[in-house]
Q: 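Below you will find the structure I want to go over with you.
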Amino acid sequence: MSNPRILILGAPGAGKGTQSRRLAEEFGIEHITTGDALRENKGMDISHLDLEYDTPGEYMDAGELVPDEVVNEIVKTALEEANGFVLDGYPRNESQTEYLDSITDLDVVLYLDVDEDELVRRLTGRRVCEDCGATYHVDFNPPEEAGVCDECGGDLYQREDDTEETARERIEVYEENTAPVVEYFRDQGVLEEIDGEQTPDEVWEDVKATVEARAN
Ligand code: AP5
Ligand code: MG
């Protein structure tokens with residue numbers, strides 16, 4: 001399969017971003033991630049929508065979902081520009097799932113399965129490069145030099161929503177809104193379940209093999 005269209009599902013901290021970066025590199029496709037896109041636009045004025053908050057950042061720092069109107073538009077534009085993609089962080093509820101279904105076809109749907117306590121450990125220890133976006137973990141995947149990116153030498157920072165309190169809130173929001181999306185794809189018989197509790201390299205072996213198997 002050239003330029004596969006891949007969806008990667010999983011709870012906050014399951015390793016979607018970690019594996020998506022490798023998929024994008026291996027298969028030469030775009031990494032489309034609503035989380036990163038929204039973090040770059042945290043201060044965007046969405047007051048015209050007349051909803052709970054006036055910027056995406058306020059939803060994100062509370063661990064809540066940003067409104068569908070905002071997110072659907074980001075994904076539509078990104079998908080139109082991509083020749084093959086791995087979609088990470090979307091869809092997160094039923095209405096986003098229906099919208100996605102109306103604008104594209106998927107070749108592979110991956111699901112990274114990880115237990116809740118492990119998710120919290122991963123989120124609270126995460127560090128991200130402010131220049132290239134590479135992701136580390138203070139214990140599970142530390143950089144060679146603390147606070148410095150191995151790939152580009154950039155500074156590492158902790159995401160504002162990676163405090164224990166907000167991480168738990170995000171997991172709750174996931175259970176309520178996004179777990180049914182996983183069930184939807186499972187019911188369709190297209191869900192490829194991966195044990196996300198293995199090491200990053202072991203998860204990658206399973207992810208890569210699964211995508212390649214779908215290609216043949
Ligand atoms: P988003 O950025 O998508 O966050 P998330 O879904 O909570 O997922 P994360 O990025 O936290 O986890 P990940 O699975 O990518 O894990 P990672 O690979 O980094 O969304 C943030 C916010 O934006 C949302 O709360 C919401 O407000 C808003 N938003 C985004 N999309 C939206 C949408 N569609 N609709 C509405 N609102 C939306 O790994 C985590 C850590 O674990 C790292 O430290 C990593 O090094 C480590 N790690 C990874 N794999 C392993 C492993 N196998 N073993 C040990 N450690 C590992
Ligand atoms: Mg991520």
Side-chain angles (χ1 to χ4, degrees), residues 7-23 31-42 44 46 51-53 55-76 78 86-97 99-100 110-115 118-129 133-143 149-150 156-163 166-179 181-182 194-207:
L7 173 62
I8 189 160
L9 297 168
K16 303 181 296 295
T18 301
Q19 300 299 328
S20 293
R21 280 176 76 89
R22 299 178 77 156
L23 281 166
H31 177 199
I32 299 174
T33 161
T34 46
D36 286 358
L38 290 166
R39 268 184 289 284
E40 283 165 21
N41 293 284
K42 275 184 105 169
M44 186 169 74
I46 54 169
L51 299 166
E52 189 182 0
Y53 302 119
T55 61
E58 288 168 272
Y59 289 93
M60 298 171 81
D61 290 345
E64 294 174 27
L65 296 185
V66 174
D68 294 340
E69 295 94 312
V70 178
V71 185
N72 287 346
E73 192 58 33
I74 290 173
V75 171
K76 181 166 187 277
V86 51
L87 182 56
D88 155 14
Y90 181 100
R92 271 173 137 93
N93 60 28
E94 199 185 334
S95 110
Q96 293 181 10
T97 308
Y99 184 74
L100 178 65
L110 302 168
Y111 170 58
L112 302 180
D113 192 12
V114 176
D115 176 79
E118 172 72 9
L119 296 173
V120 174
R121 277 195 291 276
R122 288 188 186 180
L123 292 170
T124 51
R126 172 166 52 193
R127 299 293 181 272
V128 184
C129 176
T135 299
Y136 299 87
H137 189 284
V138 290
D139 300 317
F140 308 144
N141 178 26
C149 180
D150 293 346
L156 304 185
Y157 74 101
Q158 183 167 27
R159 267 170 51 175
E160 285 167 11
D161 60 350
D162 278 347
T163 60
T166 308
R168 290 203 184 273
E169 176 64 29
R170 285 161 55 206
I171 293 166
E172 243 176 71
V173 168
Y174 170 85
E175 286 301 334
E176 196 176 319
N177 297 274
T178 315
V181 174
V182 175
I194 310 268
D195 175 3
E197 296 204 6
Q198 311 172 86
T199 67
D201 285 345
E202 287 166 347
V203 176
W204 169 241
E205 277 177 35
D206 286 357
V207 164

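Everything numeric in this text was worked out from a predicted model, so none of it was measured. Counting convention: from 1, in listed order, for ligands and their atoms alike.
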Q: Quickly, which of Arg122, Arg126, Arg127 forms a salt bridge (charged side-chain N to carboxylate O under 4.0 Å, His left out) with Asp162? Name it, please.
A: Arg126
Q: Indicate the atoms forming the closest heavy-atom contact of Val128 with Gly133, along with that distance.
A: CG1-O, 3.8 Å
Q: Could you pull out all residues at least two apart from Asp161 that satisfy salt bridge (charged side-chain N to carboxylate O under 4.0 Å, His left out)?
A: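 If we apply the salt bridge (charged side-chain N to carboxylate O under 4.0 Å, His left out) test to Asp161, skipping adjacent residues, the hits are Arg159, Arg170.
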Q: Does the distance from a Lys or Arg side-chain N to an Asp or Glu carboxylate O, for Arg121 and Glu118, drop under 4.0 Å?
A: yes
Q: Between Tyr53 and Asp61, is the side chain to side chain contact (heavy atoms under 4.5 Å, CB included) condition met? List the steps.
A: CA-CA 11 Å; Tyr53 302 119; Asp61 290 345; over 6 Å; no
Q: Protein N/O near ligand 1 N/O, under 3.5 Å, which pairs?
A:
from, atom 1, to, atom 2, distance (Å)
ligand 1, 2 (O), Arg39, NH1, 3.1
ligand 1, 2 (O), Arg39, NH2, 2.8
ligand 1, 2 (O), Arg159, NH1, 3.4
ligand 1, 2 (O), Arg159, NH2, 3.3
ligand 1, 3 (O), Arg92, NH1, 3.3
ligand 1, 4 (O), Arg159, NH2, 3.3
ligand 1, 6 (O), Lys16, NZ, 3.3
ligand 1, 6 (O), Arg92, NH2, 2.6
ligand 1, 7 (O), Arg170, NE, 3.4
ligand 1, 7 (O), Arg170, NH2, 2.7
ligand 1, 8 (O), Lys16, NZ, 3.1
ligand 1, 10 (O), Arg126, NH1, 3.2
ligand 1, 10 (O), Arg159, NH1, 3.0
ligand 1, 11 (O), Arg126, NH1, 3.1
ligand 1, 11 (O), Arg126, NH2, 2.7
ligand 1, 11 (O), Arg170, NH2, 2.6
ligand 1, 12 (O), Gly13, N, 2.8
ligand 1, 12 (O), Arg126, NH1, 3.4
ligand 1, 14 (O), Ala14, N, 3.3
ligand 1, 14 (O), Gly15, N, 3.0
ligand 1, 14 (O), Lys16, N, 2.8
ligand 1, 14 (O), Lys16, NZ, 2.9
ligand 1, 15 (O), Gly17, N, 2.9
ligand 1, 16 (O), Gly15, N, 3.3
ligand 1, 18 (O), Gly17, N, 3.4
ligand 1, 18 (O), Thr18, N, 2.8
ligand 1, 18 (O), Thr18, OG1, 2.6
ligand 1, 19 (O), Arg126, NH1, 2.6
ligand 1, 20 (O), Arg92, NH2, 3.4
ligand 1, 27 (O), Glu64, O, 2.5
ligand 1, 31 (N), Thr34, OG1, 2.7
ligand 1, 31 (N), Gly89, O, 3.3
ligand 1, 31 (N), Arg92, NH1, 3.0
ligand 1, 34 (N), Gly89, O, 3.0
ligand 1, 34 (N), Gln96, OE1, 3.0
ligand 1, 35 (N), Gln96, NE2, 2.9
ligand 1, 37 (N), Val66, N, 2.9
ligand 1, 44 (O), Tyr136, O, 2.8
ligand 1, 46 (O), Tyr136, O, 3.4
ligand 1, 53 (N), Gln198, O, 2.8
ligand 1, 53 (N), Pro200, N, 3.3
ligand 1, 54 (N), Arg122, NH2, 3.3

Q: Which residue, Thr97, Thr178, Asn72, forms the side-chain hydrogen bond (donor to acceptor under 3.5 Å, both in side chains) with Tyr90?
A: Asn72
